[in-house]
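Letters go in sequence order (proteins before strands), and every chain restarts at 1. Model, not experiment: these values are computed from the prediction.
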Number of protein chains: 2
Amino acid sequence: MVMGHGVGGRDRPGGRLDAEAAAHVATTLQALATPSRLLILTELRQGPRPVTELAEAVGMEQSAVSHQLRLLRNLGLVTGTRAGRSIVYSLYDNHVAQLLDEAIYHSEHLRLGLADRPDAVG
Amino acid sequence: MVMGHGVGGRDRPGGRLDAEAAAHVATTLQALATPSRLLILTELRQGPRPVTELAEAVGMEQSAVSHQLRLLRNLGLVTGTRAGRSIVYSLYDNHVAQLLDEAIYHSEHLRLGLADRPDAVG
DNA sequence: AGAACGTATGAAGATGTCTTCATGAATACC
DNA sequence: GGTATTCATGAAGACATCTTCATACGTTCT
């Protein structure tokens with residue numbers, strides 16, 4: 001059960017953004033705009049994971065993972081709780097999971113044009 | 001009516017990503033991970049706009065807007081068609097609009113922790 | 001207390017990104 | 001054809017980002 005916030009419609013689909021709001025959103029999205037973090041987050045999407053396990057799962061060094069986790073932590077996207085000597089990380093809440101899912105979904109359906117699209121510009 | 005692609009559920013909410021897929025998604029999200037581009041896109045969310053109008057609406061120089069538009073174009077997020085001397089840009093399709101909406105929605109509901117969240121780590 | 005394990009952190013270097021400046025190309029108007 | 005308008009583009013500099021290396025911190029076990 002995913003438990004969305006409604007039926008699938010947001011209150012106000014497409015309002016303008018002021019500079020501050022834009023900065024806020026940009027910061028949040030930047031957290032998802034890196035392969036390493038995306039791998040970490042999708043791994044966490046499967047369930048809570050200690051750092052070492054994460055590192056192995058995504059094929060990164062422990063240090064690099066820790067650095068990215070700190071960033072994600074500071075943004076409130078993940079939380080870590082100690083369990084023995086390990087620290088187990090999880091996605092912070094359902095908004096994160098959904099944002100992840102939706103971002104992946106739309107990205108996969110966008111098929112990057114990357115210079116092979118016949119644009120009218122020229 | 002927003003006209004989603006289904007009912008609000010994605011096929012497979014939360015699969016793992018391989019390195020390639022992660023890179024793809026990251027690239028797409030990076031396009032939304034900047035205040036300037038976010039402003040441009042949300043302005044386009046309101047409807048098609050010529051470059052100069054865009055520039056004025058978001059308070060950027062024409063050159064800067066053009067550079068960002070090229071990036072968004074290359075990623076297939078927007079298209080531009082000539083109309084007289086102007087080139088009118090629009091969001092490429094509904095996926096872009098939705099991704100935008102959802103990204104903004106979730107971001108606004110995430111309330112960046114930014115170092116004031118009592119994390120268990122320490 | 002000492003050793004082993006798991007994680008965090010700071011510094012530093014390589015890269016990437018964004019904006020500005022100057023200029024070029026296409027269209028419209030006179 | 002010449003000029004004004006609208007947009008694109010390349011170069012360059014300021015700045016941010018990510019990874020690695022070295023090391024420190026906290027916990028567990030003996």
Side-chain angles (χ1 to χ4, degrees), chain A residues 19 22-23 26-41 43-44 48-75 78-90 115 117-122, chain B residues 19 22-23 26-41 43-44 48-75 77-90 114-115 117-122:
Chain A
T27 302
T28 300
L29 288 181
Q30 192 126 21
L32 310 193
T34 254
S36 59
R37 252 137 30 197
L38 230 28
L39 288 171
I40 291 174
L41 288 171
E43 182 64 27
L44 289 180
R49 298 275 189 279
V51 178
T52 304
E53 205 170 315
L54 266 180
E56 191 192 1
V58 307
M60 296 172 60
E61 293 196 355
Q62 176 268 319
S63 178
V65 173
S66 259
H67 276 299
Q68 304 293 17
L69 283 173
R70 171 166 57 173
L71 195 159
L72 294 172
R73 229 166 50 215
N74 288 338
L75 290 173
V78 305
T79 39
T81 54
R82 178 140 244 153
R85 358 187 182 186
S86 299
I87 293 184
V88 179
Y89 278 89
S90 332
R117 191 184 309 275
D119 233 324
V121 175
Chain B
T27 302
T28 301
L29 288 181
Q30 193 127 22
L32 310 193
T34 255
S36 59
R37 273 177 321 241
L38 230 29
L39 288 172
I40 291 174
L41 288 171
E43 183 65 26
L44 288 181
R49 297 274 190 281
V51 178
T52 304
E53 205 170 313
L54 265 179
E56 192 192 0
V58 307
M60 296 172 60
E61 293 196 355
Q62 176 268 320
S63 178
V65 173
S66 258
H67 276 298
Q68 304 293 16
L69 284 174
R70 169 166 59 172
L71 195 159
L72 294 172
R73 230 167 47 215
N74 288 338
L75 290 173
L77 298 186
V78 305
T79 39
T81 55
R82 177 141 245 151
R85 358 187 183 186
S86 299
I87 292 183
V88 179
Y89 279 88
S90 333
L114 284 174
R117 191 184 308 277
D119 232 324
V121 174

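Listed by chain and number, the residues in a side chain to side chain contact (heavy atoms under 4.5 Å, CB included) with R70(B) are H67(B), R73(B), N74(B) (sequence neighbours excluded).
Protein atom CG of L69(B) is 10 Å distant from nucleotide atom C1' of dA8(D), rounded to whole Å. When the P atom of dG6(C) is taken as reference, atom CG of L54(A) falls 14 Å away, rounded to whole Å. Atom CG in N74(A) sits about 13 Å away from atom P in dT17(D), given to the nearest Å. As rounded to whole Å, 14 Å separates atom P of dT17(D) from atom CG of L29(A). Summarising the geometry, the separation between CZ on R70(B) and P on dC18(C) is reported as 12 Å, rounded to the nearest angstrom. Taking atom CZ of residue R85(B) and atom P of nucleotide dT6(D), one finds them 6 Å apart after rounding to whole Å.
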Show me the donor-acceptor pairs within less than 3.5 Å that the side chains of residues 33-41 of chain A make with the rest of the protein, sequence neighbours left out.
residue	atom	partner	partner atom	Å
S36(A)	OG	Q68(A)	NE2	3.3
R37(A)	NE	A31(A)	O	3.1
R37(A)	NH1	Q68(A)	OE1	3.0
R37(A)	NH2	Q30(A)	O	2.8

Show me, pair by pair, the donor-acceptor contacts under 3.5 angstrom made by side chains of residues 56-64 of chain A, not counting sequence neighbours?
residue	atom	partner	partner atom	Å
Q62(A)	NE2	S66(A)	OG	3.2

With 3.5 Å as the limit, what N/O pairs link the protein to nucleotides 14-16 of chain C?
none

If you restrict it to nitrogen or oxygen atoms, what contacts under 3.5 Å exist between nucleotides 20-24 of chain D and the protein, and what is each distance?
residue	atom	partner	partner atom	Å
dT20(D)	O4	H67(A)	NE2	3.3
dC21(D)	N4	S63(A)	OG	2.7

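Between Y89(B) and dA8(D) there is a side-chain N or O to OP1 or OP2 distance below 4.0 Å. Between dT7(C) and S86(A), a contact under 4.0 Å exists linking OP1 or OP2 to a side-chain N or O. Contact annotation: R73(B) reaches the phosphate of dA8(D) (side-chain N/O to OP1 or OP2, under 4.0 Å). The phosphate of dT5(D) (OP1 or OP2) has no side-chain N or O of R82(B) nearer than 4.0 angstrom.
The shortest heavy-atom contact between Y89(B) and V51(B) is CE1-CG2, 3.6 Å. Minimum heavy-atom separation, V88(A) to A83(A): CG2-CB, 4.0 Å. Scanning both residues, R85(A) and R82(A), for their nearest heavy atoms gives O-NH2, 3.5 Å.
Here dC18(C) is the nucleotide among dC18(C), dA8(C), dT7(C) with the atom lying nearest to any side-chain atom of L71(B).
Using a 4.5 Å heavy-atom threshold, the side chains of L69(B) and I87(B) count as separate. Contact of the L75(A) side chain with the T28(A) side chain is not registered, since no non-hydrogen atoms from C-beta on lie closer than 4.5 Å.
Between V51(B) and Q68(A), the residue whose closest nucleotide on DNA chain D is further toward the 5' end is V51(B).
The stretch residues 32-40 of chain A comes close to DNA chain D through T34(A), S36(A), R37(A), each having a heavy atom under 4.0 Å from the strand.
Annotation: the terminal axes of the helix from dA1(C)-dT30(D) to dC30(C)-dG1(D) meet at 20°, where each axis is the rotation carrying the C1' atoms of four end pairs onto the next four (5 pairs per end, rounded to 10°).
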